[in-house]
Q: 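Sending over a structure as structure tokens; questions will come in a sec.
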Amino acid sequence: MNIGIFDSGIGGLTVFKEIDKSFPKANLYYIGDTARVPYGNKSEETIIRYSLELSEFLVKNFKVDVIVVACNTASSYAVDKIKNYLKIPVIDVITPGVLTAVTTTKNGKIGVIGTQATIRSKSYEKKLKELNPDFEVYSNACPLFVPLVEEGKIKGKITRLIIEDYLKNLVEKDIDTLILGCTHYPLLKEEISSLYPDINIVDSSALISDFIKKLNIFNEKNGERRVFITDSSPSFETLKNLLIPHLKFEKIDLNQICTL
Ligand code: DGL
């Protein structure tokens with residue numbers, strides 16, 4: 001199977017890493033739109049257009065059998081549009097996170113953190129409430145988390161202060177489960193858990209491989225892995241080296257992507 005994965009940047013490599021472990025024989029093609037990141041503060045229209053362009057790149061160049069939208073912001077707005085446009089299975093990162101949270105919560109009080117666009121869309125809240133209208137869902141946008149992670153500041157005093165500031169009002173609501181609704185946030189999981197050891201932390205990449213397996217696409221490939229970015233900068237290397245040190249970025253021209 002050829003699996004296409006995209007994200008607004010390189011945070012989606014947290015999802016790539018999960019899929020890499022579960023599908024050694026599948027070919028994986030990842031594209032991170034580093035020239036246009038962040039998506040989290042863009043309009044719905046722009047997020048959809050960028051997502052369609054990245055998906056089309058993966059289908060045209062690698063004939064992918066499935067697209068994994070490894071970006072919560074794009075997952076919040078673009079999944080149905082990609083399905084309609086390209087007519088292939090599309091997996092988002094929101095549904096697996098929601099299903100995990102449902103099994104971990106005991107008191108039904110669930111916190112969700114993500115980019116401004118993800119929180120504005122209420123994508124997590126809607127899915128959680130569909131499963132159980134009695135859930136109490138408390139959400140917060142944490143815009144500083146993405147730059148912190150991209151700078152490699154995944155631990156330390158400043159990071160802890162920012163975490164505490166963003167999570168204060170969710171913790172006050174007595175949440176027992178916190179969904180990390182952004183690709184970058186799993187890298188802050190250790191610090192968040194050490195500050196709030198009683199809260200179950202749900203990573204948006206959890207269960208993603210199960211969703212791909214359920215598609216029952218069995219054609220074996222040779223395990224090729226290629227990771228593309230639309231702009232290069234030494235700062236992207238920090239995060240990449242934390243996640244996939246053995247792979248190299250291939251830079252592609254944004255003109256190849258901007259087709260819509
Ligand atoms: N990949 C985005 C997400 O998961 C975070 C970075 C951005 O704002 O583009 O929501």
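Values reported hereafter were calculated over all heavy atoms of this structure, with side chains retained and with hydrogens, waters and symmetry mates removed. Counting starts at 1 for both ligands and their atoms, following the listed order.
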Q: Around atom 1 (N) of ligand 1, find the nearest protein heavy atom and jot down its residue, atom name and distance.
A: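 Here the nearest protein heavy atom works out to D7 OD1, 2.7 Å.
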Q: What do you reckon, does N72 have a nitrogen or oxygen under 3.5 Å from a nitrogen or oxygen of ligand 1?
A: yes
Q: Partners of Y39 by ring-ring contact (aromatic ring centres under 6.0 Å, His included), sequence neighbours excluded?
A: Y50
Q: Using the ring centroid of each side chain, check whether F6 and F57 are separated by less than 6.0 Å.
A: no
Q: So is K240 actually on top of F249's ring, under 6.0 Å and inside 45° of the axis?
A: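 Pair K240/F249 counts as cation-pi.
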Q: For ligand 1, which atoms, with element, lie under 4.0 Å from some heavy atom of T115?
A: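 Reading through ligand 1 atom by atom, the close ones are 5 (C), 8 (O), 10 (O).
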Q: Counting both backbone and side chain atoms, is some N or O of H184 under 3.5 Å from an N or O of ligand 1?
A: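 Among all N and O atoms of H184, none is under 3.5 Å from an N or O of ligand 1.
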Q: Which distance, rounded to the nearest 0.5 Å, do you find between the CD of E237 and the CG of L242?
A: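 E237 atom CD to L242 atom CG measures 11.5 Å (nearest 0.5 Å).
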Q: So if I count the atoms of ligand 1 from 1 in the order they appear, which ones are less than 4.0 Å from some heavy atom of G40?
A: 7 (C), 8 (O), 9 (O)
Q: Going by the atom numbers of ligand 1, which of them fall below 4.0 Å from some non-hydrogen atom of S8?
A: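 Those of ligand 1 that fall under 4.0 Å from S8 are 1 (N), 2 (C), 6 (C), 7 (C), 9 (O).
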Q: In this structure, would L254 and F236 fall into the same cluster of hydrophobic residues linked by side-chain contacts under 4.5 Å?
A: no
Q: How about Y30 and F228: are their ring centres within less than 6.0 Å of each other?
A: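 No - the distance between ring centres of Y30 and F228 does not fall below the 6.0 Å cut-off.
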Q: Against ligand 1, does G11 come closer than 4.0 Å with any heavy atom?
A: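 Checking ligand 1 against G11, which is what was asked, there is no heavy-atom contact under 4.0 Å.
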Q: I need the atoms of ligand 1 closer than 4.0 Å to a non-hydrogen atom of V37, numbered in the order shown.
A: 9 (O)
Q: Looking at side-chain heavy atoms only, is the closest gap between D92 and V68 below 4.5 Å?
A: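 D92 does not reach V68 side chain to side chain.
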Q: Specify the protein heavy atom at minimum distance from atom 5 (C) of ligand 1: its residue, its atom name, and the distance to 0.1 Å.
A: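 Checked against all protein heavy atoms, atom 5 (C) of ligand 1 sits closest to C182 SG, 3.5 Å.
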Q: Quick one: does ligand 1 sit under 4.0 Å from the side chain of T73, the backbone, both or neither, non-hydrogen atoms only?
A: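 Near ligand 1, T73 shows its backbone as well as its side chain.
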